[in-house]
S.K.: 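The structure that follows is given in the form of structure tokens.
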Amino acid sequence: MKLDGLNEMQRKAVEKTDGPLLVLAGAGSGKTRVLTTKIAYLIEHNNINPYNILAITFTNKAAREMKERIESMLGDISKGIQISTFHSFGLTIARENYEKLGLMKNFTILDSEDSLTIIKKIMKELNIDAEKLKPKYVRNQISGAKNEILSPLEYERFANTDIEKQVVDIYKLYEQRLKTSNSVDFDDLLIMPINLFRKNPDILDYYQERFKYILIDEYQDTNEAQYILVKMIGAKYKNICVVGDNDQSIYSFRGANYQNILNFEKDYKNAETIMLEENYRSTQNILKVANEVIEKNTKRKDKVLWTENGEGDKVRYYRANDEKDEANFVSSEIEKLIESGIRKSDIAVLYRTNAQSRNIEETLLRKNISYKVVGSVYFYNRKEIKDLISYLKLIHNNYDDNSLFRIINVPKRGIGEKTIQNLTEQATLENKCVYDVISSGKELKFKEIIEEIKKEADNCSLTDLIDLILNKTGMKQDLLSDKTIESEIRLENLEEFKSITKNFEEKYGIISLDEFLDEISLVADVEEHKNDTEVVTLMTIHSAKGLEFNYVFIIGMEEGIFPHFNSLMDFNQIEEERRLCYVAITRAKQKLWIINAKRRMLYGKDSVNPPSRFLSDIKSEDLDILEKEEKKDYTINSIMTNIDKDVNYKFGEKLIHDTYGEGLVVGIDDSLVSVAFPHPIGIKKFIKGHKCLRKENE
């Protein structure tokens, strides 16, 4: 078999066929090519039976692509190779040994929603309040225990708090339900083979004899169960090749343990390690910056990426005035790229958290630049944002049945479909809106909450109104108590909505719910180019792993944003954040921009954060730092200059508004002034001292 086209280290990794091998493959170093070529080499050069080869990847997509590549190299003979994900491999073993596992042949596999349904039923039987202990939290705890190979009894040893003890009780009953229903969940697919092998050495020996050659991709992402499973099967012949990059381990929140790849040489004493450091993706200047960032991590194997792609442009660094300036700079640079003939699909904007996408989305929409948000939905289309807007609409207009139906059970209040149907029928009969016919039951409690908010809404700003809704309705507490990553992201998005209200107030000086709803309705209703394949890609850095783009913008490079504020007090988490930064940088092929802001409004709070510590890892001579003169096209004056805190008002005083004309002061609060304008405008509330209002003699 010819190995033409492989570099020296790639060839070495392919030709090393016997014994343990660790391939540390840097970003863009061609690891997939090495894996597929190595499998073909084992069969064609070493005459290894395809039946004796096991190749494991982490996603169905990666497994499918590997199968296709090998089939194109070997033809039909490749179909004898076991190429699959960990879970698919576990299922194969379970199907082949169902009786030994105490299962019937027709056992079923539960998805995460099925598991959640069972957990909810168990909690109901145990009289555990699903509002205080969230079923999703319980499911995640059980999943985590299983991935650590902890049975209910073993997990019980670590249960100290009342909540943990409740989880133990649920876990025990959950396992009983699975057994009586002849079912397994997704996590069982990893645990069952391990338990099977521990109790049946002869069965373990069978699989060790069958899979004499084992290849594992993305080894840095293995959890405890996956690690043990690989070690058990490979223990006899030790012909195990693991490929991965300790510098790209970014999934600890899913249970991944990067120590597995660092400990490989301890687990296999005669292991050989091969570094793939030649990068085929990026320019040398981009790799130089990536190397400077990642070398500051202490828990890693040293490797230095290099390329023959040429020096390329220096990484450009722009320090914006604020988040608006940041978004305008990025969109303007994207506009220039497109005008120069660059395809939109070659451009990506990366960020640490989903909430950061909003300002970029709005500037791209205004410039009519089509885009897609990967791994999430457009900001205004996110469920939690639509729910919040529906609360605002119902508070503003009780006749809005559509908004009422959306949120009457958000968060869950136990109001069933039958109740909603009865209310609808009653409203139709009485020729009223649904809100008006509510008079009893749990739905009355919902109505009382809305009425309470309406009373307080008259005397608070729009931003305060958002807090009022989140707290009074229970939306915030519901997400806080869920304790899942999904809920954390949703809460971040809701908090970010306060940035929208604050910007609106500071821009227009007006506290008018109807005008605010009009404003966001126009933004949210803009065509999103969903079917356009030629689009700019917006995504979190986690979602970007494994992808590459010619032109990449990394935004929000500030302390507390990237690295994330949740990681600032934890050394290990800071190291993972730095690995995440390395992943972000190495997505870029030709040009890279790094952007941060001097001040930023995020989650409705204005803050001044220093530049990310990762920027201090980069030598200044390796950055193209944009000077202030270059910033003139993008700079936006601070909106705070629109407020004069020294202005005082008197009842009956005449004021002139830039848009509405003359009006009279009819109300004065701590921070707001109410002004009555001639019909049809009526009474409007403004932030005191806003420049849009001036006194008659000024």
Side-chain angles (χ1 to χ4, degrees), residues 250-253 289 292-294 296-297 317-330 349-361 375-376 379 463 466-467 470 476 479-480 483 485-503 506 538-544 553-585 593-618 623 625 636 638-640:
I250 58 174
Y251 296 123
S252 64
F253 62 91
V289 167
E292 287 169 356
V293 169
I294 199 62
K296 298 298 189 295
N297 267 10
Y317 169 53
Y318 178 73
R319 183 149 172 77
N321 282 343
D322 54 28
E323 76 284 354
K324 298 288 186 185
D325 188 12
E326 177 185 66
N328 276 281
F329 170 76
V330 171
V349 181
L350 308 182
Y351 36 81
R352 178 62 180 83
T353 63
N354 278 296
Q356 289 172 258
S357 75
R358 182 183 62 80
N359 284 299
I360 301 293
E361 287 185 59
S376 183
F379 187 82
T463 305
I466 301 305
D467 275 327
L470 295 181
K476 184 173 184 177
L479 292 169
L480 283 172
K483 296 178 181 168
I485 290 172
E486 294 87 351
S487 293
E488 188 178 313
I489 291 170
R490 287 185 173 183
L491 189 55
E492 283 183 350
N493 290 333
L494 289 170
E495 293 290 342
E496 174 58 11
F497 194 85
K498 290 190 288 188
S499 296
I500 302 173
T501 57
K502 211 160 197 176
N503 280 327
E506 292 176 345
L538 312 183
M539 59 181 8
T540 64
I541 302 163
H542 281 100
S543 299
F553 297 81
I554 306 173
I555 64 172
M557 287 288 287
E558 300 140 39
E559 287 290 300
I561 295 176
F562 193 18
H564 196 275
F565 65 88
N566 286 345
S567 69
L568 296 181
M569 304 304 291
D570 188 308
F571 174 81
N572 289 324
Q573 288 187 33
I574 284 292
E575 294 231 326
E576 179 149 333
E577 290 286 302
R578 187 175 275 108
R579 293 194 292 271
L580 193 59
C581 184
Y582 171 82
V583 167
I585 293 168
W593 288 257
I594 293 175
I595 308 102
N596 59 19
K598 294 176 184 174
R599 56 183 291 274
R600 178 183 299 276
M601 186 182 290
L602 191 63
Y603 313 134
K605 295 179 181 177
D606 217 356
S607 59
V608 177
N609 297 321
S612 168
R613 68 188 67 192
F614 305 143
L615 281 164
S616 64
D617 297 335
I618 303 169
L623 292 173
I625 302 172
I636 298 173
S638 170
I639 52 179
M640 295 308 292

S.K.: Thinking salt bridges, do Lys502 and Asp606 make one under a 4.0 Å N-O criterion?
M.R.: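 Looking at Asp606 together with Lys502, the answer is no, because their closest N to O distance does not fall below 4.0 Å.
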
S.K.: Just how far is it from atom OG of Ser252 to atom CG of Asn572, taken to the nearest 0.5 Å?
M.R.: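 With rounding to 0.5 Å, OG (Ser252) is 9.0 Å from CG (Asn572).
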
S.K.: I'd like to check the salt bridge (Lys or Arg N to Asp or Glu O under 4.0 Å) partners of Asp570; sequence neighbours left out, ordered by chain and number.
M.R.: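 Scan of Asp570 (salt bridge (Lys or Arg N to Asp or Glu O under 4.0 Å), adjacent residues dropped) gives none.
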
S.K.: Stepwise, does the side chain to side chain contact (heavy atoms under 4.5 Å, CB included) test hold for Leu538 with Tyr351?
M.R.: CA-CA 8 Å; Leu538 312 183; Tyr351 36 81; 3.6 Å; yes

S.K.: Quick check for you: to the nearest 0.5 Å, what is the distance between Asn503 atom CG and Lys324 atom NZ?
M.R.: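 Going from CG on Asn503 over to NZ on Lys324, the span is 4.5 Å.
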
S.K.: Would you mind reporting whether Arg599 and Asn321 have side-chain heavy atoms less than 4.5 Å apart?
M.R.: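 The answer is no; the side chains never approach within 4.5 Å.
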
S.K.: With no hydrogens and no angle check, is any side-chain donor or acceptor of Glu558 less than 3.5 Å from a backbone partner on Ala597?
M.R.: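 Between the backbone of Ala597 and the side chain of Glu558 there is a qualifying donor-acceptor contact (under 3.5 Å).
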
S.K.: With rounding to the nearest 0.5 Å, note down the distance linking CD1 in Ile618 to OG in Ser612.
M.R.: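 Here the rounded value is 8.5 Å.
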
S.K.: Donor-acceptor pair, distance only, cut-off 3.5 Å: does the side chain of Glu292 make one with the backbone of Val289?
M.R.: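 Pair absent, no side-chain N/O of Glu292 close to backbone of Val289.
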
S.K.: What pair of heavy atoms forms the shortest contact from Ala544 to Leu350, and how long is it?
M.R.: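 Result for this residue pair: CB-CD2, 3.9 Å.
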
S.K.: Does Asn596 form a side chain to side chain contact (heavy atoms under 4.5 Å, CB included) with Phe562? I'd like the steps, not just the answer.
M.R.: CA-CA 10 Å; Asn596 59 19; Phe562 193 18; over 6 Å; no

S.K.: Working note: Val330 + Tyr318, criterion side chain to side chain contact (heavy atoms under 4.5 Å, CB included); need CA distance, chi angles, decisive distance, verdict.
M.R.: CA-CA 10 Å; Val330 171; Tyr318 178 73; over 6 Å; no

S.K.: List for me each residue that meets side chain to side chain contact (heavy atoms under 4.5 Å, CB included) alongside Leu568, sequence neighbours excluded, and say none if there are none.
M.R.: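 Result, side chain to side chain contact (heavy atoms under 4.5 Å, CB included) vs Leu568: Glu559, Pro563, Phe565, Ile574, Arg613.
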
S.K.: Using a strict 4.0 Å threshold on nitrogen-to-oxygen distance, state whether Arg579 and Glu576 make a salt bridge.
M.R.: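 Judged by the 4.0 Å cut-off on N to carboxylate O distance, Arg579 and Glu576 do form a salt bridge.
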
S.K.: What distance do Glu326 atom CD and Arg319 atom CZ have between them, rounded to the nearest 0.5 Å?
M.R.: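 Nearest 0.5 Å value for the CD-CZ distance: 10.5 Å.
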
S.K.: To the nearest 0.5 Å, tell me how far Glu486 CD sits from Leu479 CG.
M.R.: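 So the CD of Glu486 and the CG of Leu479 are separated by 11.0 Å.
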
S.K.: How far apart are the closest heavy atoms of Thr353 and Glu492, and which atoms are they?
M.R.: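 Scanning both residues completely, I find the closest heavy atoms to be CB-OE1, 3.7 Å.
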
S.K.: What is the distance from atom CD of Glu323 to atom CG of Asn359, rounded to the nearest 0.5 Å?
M.R.: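 Taking CD in Glu323 and CG in Asn359, the distance rounds to 5.0 Å.
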
S.K.: Looking at Arg352 and Glu577, what are the two nearest heavy atoms and their distance?
M.R.: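 In this case the closest contact between Arg352 and Glu577 is NH2-OE2, 2.8 Å.
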
S.K.: Does the side chain to side chain contact (heavy atoms under 4.5 Å, CB included) test come out yes or no for Arg600 and Asp322, once each step is laid out?
M.R.: CA-CA 5 Å; Arg600 178 183 299 276; Asp322 54 28; over 6 Å; no

S.K.: Got Leu580 and His542 here, is their nearest side-chain heavy-atom distance under 4.5 Å?
M.R.: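 Sidechains of His542 and Leu580: in contact.
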
S.K.: So, do Arg490 and Asn354 sit near enough that their side-chain heavy atoms are less than 4.5 Å apart?
M.R.: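 Result no, sub-4.5 Å side-chain heavy-atom pair not found.
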
S.K.: Please identify each residue that fulfils side chain to side chain contact (heavy atoms under 4.5 Å, CB included) with Ile466, with sequence neighbours left out.
M.R.: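 Partners of Ile466 under the side chain to side chain contact (heavy atoms under 4.5 Å, CB included) test: Leu388, Leu392, Leu470, Phe497, Lys498, Thr501.
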
S.K.: Is the shortest side-chain heavy-atom distance between His564 and Gln573 below 4.5 Å?
M.R.: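 Contact flag for His564/Gln573 side chains = no.
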
S.K.: Is there a side-chain contact between Arg358 and Ser499, using heavy atoms and a 4.5 Å cut-off?
M.R.: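 They are in contact (side-chain heavy atoms under 4.5 Å apart), so the answer is yes.
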
